[in-house]
Amino acid sequence: MADIIKLLPDHVANQIAAGEVVQRPASVVKELLENAIDAGAKVIKLIIKDGGKTLVQVVDDGVGMSETDARLSFERHATSKISSAQDLFNLQTKGFRGEALASIAAIAHVDMHTRTASNEVGTHIKIEGSKIVSQEVVASPKGTSISVKNLFFNIPARRNFLKSDQVELRHITDEFHRVALVHPDIEFHFYNNGSDIFNLPSAKHRQRIAHIFGSKMDGRLVPVQEETEVVKISGFVCKPEFAKKSRGEQFFFANGRFIKSPYLHHAVVAAFEGLIKSDLYPGYFLYLQVDPSSIDINIHPTKTEVKFDDENTLYAILRSTIKHSLGQFNVAPVLDFEHDPNLDTPYSYKEKGATLPKVTVDASFNPFQQTTERRNTGGGTYQKTSVKGWEGLYEGLEKSTDIEGFSSVVIESESDEQGTLYPEDGTGHLASTFQLRRKYVVSTVKSGMLVIHQNRAHERILFEKFLGEITVKEGLSQQLLFPMELTFNKQELVVLNEIKESLTNIGFAFESLEQETVKVTGVPLVVPESGIGTVLDRLIADYTEGFSDGSVSQAEVLAKVLSKNLAVRTGEVLDQESQLALLDNLFACKEPSLSPFQKLTYTIISEGDIDKKFS
Ligand code: ADP
Ligand code: MG
């Protein structure tokens, strides 16, 4: 039999290997930025078009390359950064594998201009799919400019796999943050589709953080500083009151590289114990310096996980250092359970009941007392107090039954009336309800006892309401008497713009979404005025998370996020009217039995089950 094993041609081998290094435009950004830093650049420009699918360009003023080096740089395993295996244990540079440029050149159209200080003229190389198309001598500034165009032009399957421009831009922005945060001394400029997103002057760490995440961040930072034999720690944690519902501003850097470490994250969370609620994430920007030989190098180019030799000690040091900083800067617990709920957002109000049952709650306080008040004003669209009225939740729903999608739902429920589901006490009247442990709404049905999980049921109701509104664009909006000004950082603005249309559909109105300060002029009826900031913050955070782990539609992600954040919680008292409304509206849903998060919303305990208890 003839020999059948053949060596793959270089360009094919390169293409395969490239898949490892380059997963999306953000990977190119990371590699090019790191090369520029390794080259000692003082000013770095990042230029992006169409989420990096059309163009990723990095321009630096670093050392540049000679003509030969320029050509060599595209060869696999060509690197100027290490020369022996021993060097691997004392890495001072970001790159060392000599693979990035070769990989990128295998799957894109690359244009490189470069000149060293000692050369009077520079080199221009064009390379497409690993083939050098042209190389010429040109006049160019000192430093290097690399343009990567039409990523994955020769691997359509990979190109099709890329997400929307905005999602890709977000990944790019994440990489940009990670690099810019460790190199505050380097000046960065970031342009997207011709407009500048970031202009970061050379600065100190703290200013760099504020330049990236908005000036409001500055006042939130608590410095952290410690030096031991094992590790040198510097950086900042965010004050506990700014802890967020979702991950976002959590950054660990070890020896100048962004790393992910669930274990060390836990150490930070442990330091915040007692200062923030357990479902919140503290923000942090922590820079660790350890002996390079005590840290496992990133063997895989895209991995950010690392292994430290002495993780347990590191954990202990980190936790106590942060604890100390929080104490020293007089960051007292900020969860004030006594304060006036009218000044509070409905979330924290609700959580009080849910997570801290021992807290004394004003028994006479009725969260739904507005109902009548608002009725008197003829169901006006302007909500005065901060307390969310249950009624408000239904105003939208009642009216939305006019919407096609909803009227059909209602018909479905009517046909259900003869079935076993619709609450009925046998006399043809609707059964009464009662609330059990501020968690369940109990009623009777023909076949037995109906127990509804109030939080999940309301999530289902709101989910279908918002999903309908986002697609049918009929959300009711309450105009704000005084537009509310909220500040967002650039990245939050990117997300806001991405979901703007859906938000407008459900009743949000914005005056402008370009500047850090956004004017909100209208909100959906279900959102209390005092909670607008919180709702939008969570929406942005949850939405960012939701999209990264699933491929569901934007409408669905948003409807889920909104329902999760606005549904009544366990621990909330519901008056009779609200309980009945919950019941009615749940069974008017298309899929009443499951919450949007696939949890059971209700159960029926049959008469037989009850009989058995008595036998
Ligand atoms: P690595 O960074 O792992 O060495 P790369 O493929 O990213 O591998 O780059 C190959 C080589 O090209 C580098 O070692 C460096 O010598 C050179 N190089 C790449 N980018 C630049 C740049 N912006 N300025 C100067 N030299 C560069
Ligand atoms: Mg490199």
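What you see is a predicted model; the values in this text were computed from it and never measured.
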Using distance alone, with no hydrogens and no angle criterion, decide if [X] and [Y] have a side-chain donor and acceptor under 3.5 Å apart.
| X | Y | value |
| --- | --- | --- |
| H265 | Y281 | no |
| N199 | D196 | yes |
| S325 | Q225 | no |
| H189 | E187 | yes |

Residue pair V179, F188: steps toward the side-chain contact (heavy atoms from CB on, under 4.5 Å) verdict: CA-CA 10 Å; V179 172; F188 284 95; 4.0 Å; yes
Pair F252-L318, side-chain contact (heavy atoms from CB on, under 4.5 Å): steps then yes or no: CA-CA 11 Å; F252 275 122; L318 192 60; 3.8 Å; yes
R170 and E498 ion-paired at < 4.0 Å: yes
NZ/NE/NH1/NH2 to OD/OE distance under 4.0 Å, K244 and D537: no
Ring geometry between Y263 and Y315 (parallel below 30°, tilted from 30 to 60°, perpendicular above 60°):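 Because their plane-to-plane angle lies in the 30° to 60° range, the rings of Y315 and Y263 count as tilted.
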Parallel, tilted or perpendicular, as decided by the 30° and 60° cut-offs, for the rings of H177 and F198: perpendicular
Stepwise side-chain contact (heavy atoms from CB on, under 4.5 Å) check, F285 with F213: CA-CA 12 Å; F285 305 85; F213 294 102; 3.5 Å; yes
Using a 3.5 Å distance criterion without hydrogens, assess whether the side chain of [X] forms a donor-acceptor pair with backbone atoms of [Y].
| X | Y | result |
| --- | --- | --- |
| N193 | D50 | yes |
| K30 | E175 | no |
| D60 | T144 | yes |

Any side-chain heavy-atom pair of [X] and [Y] under 4.5 Å:
| X | Y | answer |
| --- | --- | --- |
| F463 | V561 | no |
| R538 | N565 | yes |
| T517 | F488 | no |

Exceeds 12 heavy-atom contacts within 6.0 angstrom, atom CD of E501: no
S563/F597 under side-chain contact (heavy atoms from CB on, under 4.5 Å): CA gap, chis, key distance, verdict: CA-CA 10 Å; S563 69; F597 307 96; 4.3 Å; yes
